[in-house]
2 protein chains.
Amino acid sequence: MAAAIDCFARLGYQGTSIERIARAAGVTKGAVYYHFRDKEDLLFSAVKDRIGGFEKQVLEAVTVAGDAQAALRRVVDACFLHATVSNHRRFIITLMIEALDTNPRLSAEFQRILRRMRAFLADLVRRGQGQGTMRTDIDPEMAAALIAGAIIGAEVQHYQDRTEIDLRATLDATLEALAAWLAPGGATHGIAASGGAKTW
Amino acid sequence: MAAAIDCFARLGYQGTSIERIARAAGVTKGAVYYHFRDKEDLLFSAVKDRIGGFEKQVLEAVTVAGDAQAALRRVVDACFLHATVSNHRRFIITLMIEALDTNPRLSAEFQRILRRMRAFLADLVRRGQGQGTMRTDIDPEMAAALIAGAIIGAEVQHYQDRTEIDLRATLDATLEALAAWLAPGGATHGIAASGGAKTW
DNA sequence: ACAAAGATACTGAACGTTCAGTATGTCTCC
DNA sequence: GGAGACATACTGAACGTTCAGTATCTTTGT
């Protein structure tokens, strides 16, 4: 299944043949079909088993903390980790885009994953707003979409151009930019931020 | 070729059969092979002819202006336009990701496209810094990567979840966030919602 | 003015290959 | 010796590609 995830992440679902996965795993096609009903079963098993596990790990590793800004940093760190040591993040992005109009069921699965991610990030922003460390005139849902988008955008560019886009540096800069935007005191219109503002 | 771009953008290169393109164009497979040497030729022609045209149009539409912030807004607007009225933006993103490990030549082409885009955005930031409307302690190249990433991330999420991610609103919020980050003197200014030029 | 000659745009039917899926054989360990 | 864990050989369908043939325009010679 690790071989499958790697192949799917790099070549896409349609670009990966069962035989290729089998060879990468050091077995033959028959072995694959012994463990999985068909190609789609292998795909979904990979998504639920590994990607679901990764997602859980990321979210759980963060809910412990108190400071919203620090938690945001840890989310980004977790994404960086799973984008570099394994191919889990690229798997999600690649398959997500490929599945859009070709596999409605898988696409719905990824929709749920991204929604959970955004809901989690929105909660994080709400927490920051409650703590007074984040602007209150920003919609948490929208902030979550921007944070998720910034991470995804950084990853996509990194996968496409590893020599020009250093993922670690780009994600750090992304965090900095998000912090500057989310920091209280920069309200454009509406409610002024509450006190205790501090950059970190 | 319009039919090919639409199919490629939605189903990917490997997910699109020549016959599907032909049917979408109201002809048969033979007609496609009369105009294009092979499937890859069709793909590259589509990239160079249409996507290159879009890119040119975006860059030209912006170089006229003086205000860097307004120019940034127009870049985003152009991306929005080509993401909604045609499928050009989705074509780029979909094919870019699919090509990474499956079509080195195409991947190099997209690498050049993204690099041009970032170089252009970096120049834009440099202009803003020269005008005193943007912070000078930010690396223009890095800012360009973040801007491009934010746009790409917004688009990806929109394609994946059109009901939750409104592209126009998300891009507007992205602009606002970028403006808050890029604004000189810490966080004092945002960008006014939609509307004409603004003094900074 | 008009027909012969050729270019252009396309059709429909093949062909070769790839690949998901299946059926059956083989080995190993309890 | 039988069941689990594979390997091997094969099938059917889809797909990229080629090609002979056809219809419609365009040019040219008389």
Side-chain angles (χ1 to χ4, degrees), chain A residues 1-51 87 91 94-110, chain B residues 1-51 87 91 94-110:
Chain A
M1 206 145 81
I5 288 183
D6 185 63
C7 287
F8 285 152
R10 291 187 300 105
L11 308 164
Y13 178 71
Q14 316 204 56
T16 302
S17 64
I18 299 278
E19 204 171 327
R20 182 170 202 132
I21 295 173
R23 266 205 309 271
V27 293
T28 61
K29 254 190 350 173
V32 175
Y33 275 95
Y34 177 77
H35 291 284
F36 303 96
R37 203 173 358 92
D38 54 15
K39 195 181 176 184
E40 209 181 19
D41 180 39
L42 173 54
L43 177 64
F44 273 86
S45 299
V47 172
K48 296 209 171 151
D49 235 64
R50 306 286 171 126
I51 309 304
N87 259 341
F91 178 92
T94 302
L95 273 290
M96 194 174 80
I97 288 181
E98 184 181 354
L100 286 180
D101 275 284
T102 57
N103 193 331
R105 201 166 127 242
L106 180 62
S107 194
E109 185 66 36
F110 281 121
Chain B
M1 204 142 82
I5 288 183
D6 185 63
C7 288
F8 285 150
R10 290 187 300 105
L11 308 164
Y13 178 70
Q14 316 204 57
T16 303
S17 66
I18 298 279
E19 202 172 328
R20 182 168 203 133
I21 295 172
R23 266 206 307 272
V27 293
T28 59
K29 274 205 295 191
V32 175
Y33 275 93
Y34 177 78
H35 290 284
F36 303 96
R37 203 174 356 93
D38 53 16
K39 196 181 176 185
E40 209 183 18
D41 181 39
L42 173 54
L43 176 64
F44 272 86
S45 298
V47 172
K48 297 210 171 152
D49 235 65
R50 306 287 170 129
I51 310 303
N87 259 343
F91 176 92
T94 303
L95 273 289
M96 194 174 80
I97 288 180
E98 184 181 355
L100 285 180
D101 276 285
T102 57
N103 194 330
R105 201 166 127 241
L106 181 61
S107 193
E109 185 66 35
F110 281 121

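Protein chains get the first letters and strands the later ones, always in sequence-line order, with residue 1 at the start of each. As a basis for the values below, the full set of heavy atoms in this structure was taken, side chains included, without hydrogen atoms, waters or symmetry mates.
Of the side-chain N and O atoms in Tyr34(B), none sit less than 4.0 angstrom from OP1 or OP2 of dC10(C). Contact annotation: His35(B) side-chain N/O to dT8(C) OP1/OP2 distance is not under 4.0 Å.
Looking at residues two or more places apart in sequence or on another chain, you find a side-chain contact (heavy atoms from CB on, under 4.5 Å) between Phe44(B) and Glu40(B), Asn103(B), Arg105(B), Leu106(B). Looking at residues two or more places apart in sequence or on another chain, you find a side-chain contact (heavy atoms from CB on, under 4.5 Å) between Arg37(B) and Asp41(B).
The CG atom of Leu11(B) sits 9.0 Å away from atom OG of Ser17(B), with the distance rounded to the nearest 0.5 Å. The OH atom of Tyr33(B) sits 4.0 Å away from atom CD1 of Ile18(B), with the distance rounded to the nearest 0.5 Å.
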Show the atom names and distances, to 0.1 Å, of all donor-acceptor pairs under 3.5 Å that link a side chain in residues 21-30 of chain A to residues at least two apart or in another chain.
none

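Counting all heavy atoms, side chain and backbone alike, Leu95(A) lies closest to Phe8(A) at CD2-O, 3.4 Å.
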### Task
Take nucleotides 11-18 of chain D nucleotide by nucleotide from the 5' end and write B, S or -, depending on whether a protein heavy atom sits under 4.0 Å from the base, only from the sugar-phosphate, or from neither.
----SBBB
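At least one donor-acceptor pair under 3.5 Å links the side chain of Thr94(B) to the backbone N or O of Ala9(B).
Rounded to 10 degrees, the angle separating the terminal axes of the helix from dA1(C)-dT30(D) to dC30(C)-dG1(D) is 10°, with each axis obtained from five end pairs.
Identified under the side chain to side chain donor-acceptor pair (under 3.5 Å) test for residues 5-15 of chain A, with sequence neighbours left out: Asp6(A)-Arg10(A), Asp6(A)-Asn87(A).
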